[in-house]
Structures are given as structure tokens and as C-alpha cells.
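Counting begins at 1 with the first residue of the sequence. Atoms within each ligand, like the ligands themselves, are counted from 1 in listed order.
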Amino acid sequence: MRVLVTGAKGMLANALLPCLGSEHEVVGVDLNDFDISQETAVQKAFRDLRPDFVYHLAAYTDVDGCEANPRLADEVNTQGTRNLARSCAEIGAILLYVSTDYVFDGSSDRPYREDDLTNPLSVYGQSKLGGEKHVQSLLKRYFIVRSSWLYGPRGKNFVSTIMKVAAERDELRVVSDQRGSPTYTRHLALKLADMLRIEAYGTYHATGSGDCSWFEFAQAIVELAGLERVRVVPISTQESGRRAPRPAYSVLENRRLIENHLDSLPHWKDGLAHYLKEGQRLGEFKLPLSGRGEGPLRAEVRGL
Ligand SMILES: NC(=O)c1ccc[n+]([C@@H]2O[C@H](COP(=O)([O-])OP(=O)(O)OC[C@H]3O[C@@H](n4cnc5c(N)ncnc54)[C@H](OP(=O)(O)O)[C@@H]3O)[C@@H](O)[C@H]2O)c1
């Protein structure tokens, strides 16, 4: 199969590309190859590459940046996705579009299901939902995969930010009134790679198992990293002063993954333990030595 991956230099693509087997002809493209918001450039790329399956990972992902620049958010996330969906329709390619928990407003009192009502609070969420709608209306053979709170190598993410800040400060103030499911990019990538082999098209939720607040996530990071001197202090969303509104609760039920025998993703703490080792190996951050002769992490990696 000829497989095209957009956003190939991004954090999730970095995890996905090595998971796509050598039996496939895989091409990764990014903004320096063509801009997805330019339809003629997308059409030309599809004429040249003629993919059978497209992983659409490219996006304007700066949530607060989107709030300040709604036009760019629309051009890249909504119109860019429409351009890719149109080109897929023209050549009969399957499209897998990665979307977000921020399409929900956070008012639910139980994990969101794939067919629950969307109501994004932010420009980013609106622009990603706009992309979903184009995919649904233009294609029959598509996957929309909503994930949340991604972290992993080669990208700016919450874990690497906490590790950097914790190296300089003894106290971290972290929002405690937003709840979601952190997702390790490698765990999600393995699931996305499995989707190449199935034909049960439609919308999926795919997130790390378990849930937490950003505050609890930060506490787990400093604890697993052995940063005993760092105190994590809970603050409210209002105190954080972020530009874009975010859902207070965006836990996603991964119901369709289970129904289609793809299994749920490992727990977010397993992913965290793995990433703390991987990030250290890649020089993204340094961990203090535990002195217990077990390596620098206090917790064992429980596997992928
Ligand atoms: N990160 C999260 O927490 C999260 C959560 C849920 C869903 N998602 C979704 O998951 C997907 C992957 O996220 P990620 O965190 O891996 O994103 P990322 O690291 O920000 O990567 C996105 C990539 O898209 C490229 N890009 C931006 N604008 C483009 C354009 N106009 N044309 C072509 N390429 C363009 C970027 O290039 P430049 O770097 O050169 O701009 C970047 O390489 C996205 O669709 C995102 O919406 C992310």
C-alpha cells in the first residue's frame, strides 16, 4: 500500500512513521513540502504520490495561538483537512484524520462517546471539528480518531515542559480543575498503525487508559522522575490565565476501539514511565539518579 503521512515532522508522526511496516511504501510530508491550506498544492502532491491511505496529522496545534489567529486555524485545520479529503475522494484513498477531545465542551458527567454531541469552546476545537465535518461529508472510507493530551519524543508537550521547568524551580503551579487522559504518542501510533488493516470506518476515540487532572499529571511526573524537592501546587483554570477556554472534563470512552477488537491503550502512567526513559535517552531532559541501583526512574516501565 502507498501510505502518505502529513505533519511528518510533528510529534505524533515521529512515533507513527516507525510503526508502519516495511511492506508499505511510506512517504512523510510536512509544511516544507507543501502547505495543506493550498488546494492546488495538495492536488498536485496527490497526483504525484497517488496514496492508497493518508494519515492526516498536520495541524496548527497551538491552542492559544489559534485563539489569537482564528483565520490561520480555519485555513489549516478546517480548509486544509477539506483539501485533503477532496483529493482522497478524487483518487479513492482512505483518510485517517486525527482530531481532539477539545471538540467537546466538558459539561458531561461521564466519559464522552464517539457519537456524543460536540460543542467546542475554543477556536482550535472549532477548527478541528470543521475538519471532521468535511471528512464525514466528502468521504465514505475514513477514520476520525480523537485523542487527547499527547506527549512523547520530539515535540513540545506537557511532560517535557514540566521537566524543563522543574530543573529550574522548586515549585510548580498547575491547573487542577481540568480532567482528561494523557496519551503517549507511541501507544496511539501503534493503534493508528493497526487501523491500516481494518475496514470498520468511522469515528473513534483513542486515548491513554485512566484519567487525571493536569495537577495530578504533574505530580506523577515529578514523582516518577524522582524530583522530590519539587512541590506541585494546584491552581484553578481562572488563575492560569490561558487565552483559550478548555473543557473542564474531556475524558473519552474508547468504545469503538474495543467493539472492533483493537483493545484499549495502556494506562497513561505506563506511557509516562516509558517516555521519561526515552526522553532521557534522547537528551530531551535529565533525571536525577535514584541511588537504588535500578536506573534513574523510581517506577518500573510496565511495557508498551
Ligand atoms: N498535541 C496534542 O495534545 C493533541 C491532542 C489531540 C489531538 N491532536 C492532533 O494530533 C495531530 C498531531 O499532533 P502533534 O502534536 O503531533 O502536532 P505537531 O507536533 O504540532 O505537528 C503538526 C505538524 O503539522 C505541520 N503543519 C502545520 N501547518 C501546516 C500546513 N499548513 N501545511 C502542512 N503542514 C503543516 C507542522 O509543521 P511546522 O512545525 O513547520 O508548523 C508540524 O510538523 C494534530 O492533528 C493534532 O490536532 C494533538
Side-chain angles (χ1 to χ4, degrees), residues 4-17 27-42 44-46 54-66 69 71-85 87 95-104 112 120 122-132 134-135 143-161 178 180-189 191-192 203-208 214 217 244 246-247 250-252 254 265 268 271 275 284:
L4 179 67
V5 180
T6 71
K9 289 188 178 158
M11 181 171 68
L12 180 56
N14 180 265
L16 176 66
L17 286 164
V27 179
V29 291
D30 212 295
L31 190 51
N32 55 332
D33 299 298
F34 61 89
D35 181 341
I36 60 164
S37 68
Q38 304 300 313
E39 184 159 26
T40 46
V42 174
K44 182 180 178 312
F46 271 65
V54 178
Y55 284 100
H56 174 29
L57 275 44
Y60 179 27
T61 55
D62 176 350
V63 177
D64 292 313
C66 285
N69 200 341
R71 192 167 155 179
L72 184 61
D74 177 68
E75 283 171 1
V76 178
N77 296 344
T78 302
Q79 309 309 330
T81 302
R82 180 207 58 196
N83 295 341
L84 287 160
S87 281
L95 179 66
L96 186 154
Y97 169 55
V98 179
S99 190
T100 169
D101 55 327
Y102 284 9
V103 298
F104 294 112
Y112 283 99
S122 62
V123 170
Y124 170 72
Q126 284 156 15
S127 67
K128 292 292 293 184
L129 181 63
E132 286 191 13
H134 284 302
V135 171
F143 297 99
I144 292 170
V145 183
R146 298 190 188 120
S147 195
S148 61
W149 299 22
L150 294 184
Y151 63 92
R154 314 245 187 250
K156 188 172 179 293
N157 64 76
F158 185 76
V159 180
S160 61
T161 302
Q178 289 170 29
S181 299
T183 307
Y184 184 40
T185 49
R186 177 155 169 82
H187 290 162
L188 176 59
K191 219 45 80 179
L192 298 181
T203 302
Y204 285 77
H205 289 171
T207 62
W214 291 111
F217 192 14
R246 289 160 165 83
S250 61
V251 180
L252 306 181
N254 292 197
L265 275 67
W268 63 266
Y275 176 43
E284 294 189 0

Does [X] reach ligand 1 with a nitrogen or oxygen that is under 3.5 Å from one of the ligand's nitrogen or oxygen atoms?
X	result
Val76	no
Gly7	no
Asp101	no
Ser37	no
Ala13	no
Thr100	no

Shortest protein heavy-atom distance from [atom], along with the residue and atom involved:
atom	result
atom 39 (O) of ligand 1	Asp30 OD1, 5.0 Å
atom 16 (O) of ligand 1	Leu12 N, 2.8 Å
atom 7 (C) of ligand 1	Ser99 O, 3.1 Å
atom 11 (C) of ligand 1	Leu57 O, 3.4 Å
atom 20 (O) of ligand 1	Thr61 OG1, 2.7 Å
atom 29 (C) of ligand 1	Leu31 CD1, 3.8 Å
atom 1 (N) of ligand 1	Leu150 CB, 3.8 Å
atom 19 (O) of ligand 1	Met11 N, 2.9 Å

Checking contacts here: is it the side chain or the backbone of [X] that comes within 4.0 Å of ligand 1, counting heavy atoms only? Could be both or neither.
X	result
Arg146	neither
Ala8	neither
Ile36	both
Phe34	backbone

For the pair Tyr275 and Tyr184, name the ring-plane relationship: parallel under 30°, tilted 30 to 60°, perpendicular over 60°.
tilted
Please report whether atom 47 (O) of ligand 1 has a protein non-hydrogen atom at a separation of less than 4.0 Å.
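Flag for atom 47 (O) of ligand 1 set to true, protein heavy atom closer than 4.0 Å.
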Distance check, rounded to the nearest 0.5 Å: His187 atom NE2 versus Thr207 atom OG1?
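OG1 of Thr207 is found 12.5 Å from NE2 of His187.
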Rounded distance [0.5 Å steps], CG in Asp101 versus CD in Gln178:
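It is 10.0 Å, given to the nearest 0.5 Å.
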Under a 3.5 Å threshold, yes or no: a donor from one side chain and an acceptor from the other, between Asn69 and Tyr60?
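No, no side-chain donor-acceptor pair sits under 3.5 Å.
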When you check the side-chain N and O atoms of Ser99 and Glu132, is any donor under 3.5 Å from an acceptor?
yes
Sequence neighbours excluded, which residues qualify as ring-ring contact (aromatic ring centres under 6.0 Å, His included) partners of Trp268?
Phe217
With sequence neighbours left out, write down each residue that passes salt bridge (charged side-chain N to carboxylate O under 4.0 Å, His left out) with Arg246, or none if nothing qualifies.
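For Arg246, the residues satisfying salt bridge (charged side-chain N to carboxylate O under 4.0 Å, His left out) (neighbours in sequence not counted) are Asp64.
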With Leu57 as partner, the option from Asp30, Val5, Asn14 fulfilling side chain to side chain contact (heavy atoms under 4.5 Å, CB included) is Val5
How close do [X] and [Y] get, heavy atom to heavy atom, and via which atoms?
X	Y	value
Val135	Thr81	CG2-CG2, 3.6 Å
Arg146	Phe104	NH1-CZ, 3.4 Å
Ser127	Asp74	CB-N, 4.3 Å

Which ligand 1 atoms does Asp35 reach within 4.0 Å, using its non-hydrogen atoms?
30 (C), 31 (N), 32 (N)
Heavy-atom distance to atom 8 (N) of ligand 1: which of Phe158, Tyr60, Tyr124, Trp149 wins?
Tyr124
Using heavy-atom distances only, which candidate in Ala58, Ser147, Ala59 approaches atom 27 (C) of ligand 1 most closely?
Ala59
Can you check whether Leu192 reaches Val98 side chain to side chain, under 4.5 Å on heavy atoms?
yes
Flag side-chain contact, heavy atom, 4.5 Å: Val54 against Leu4
yes
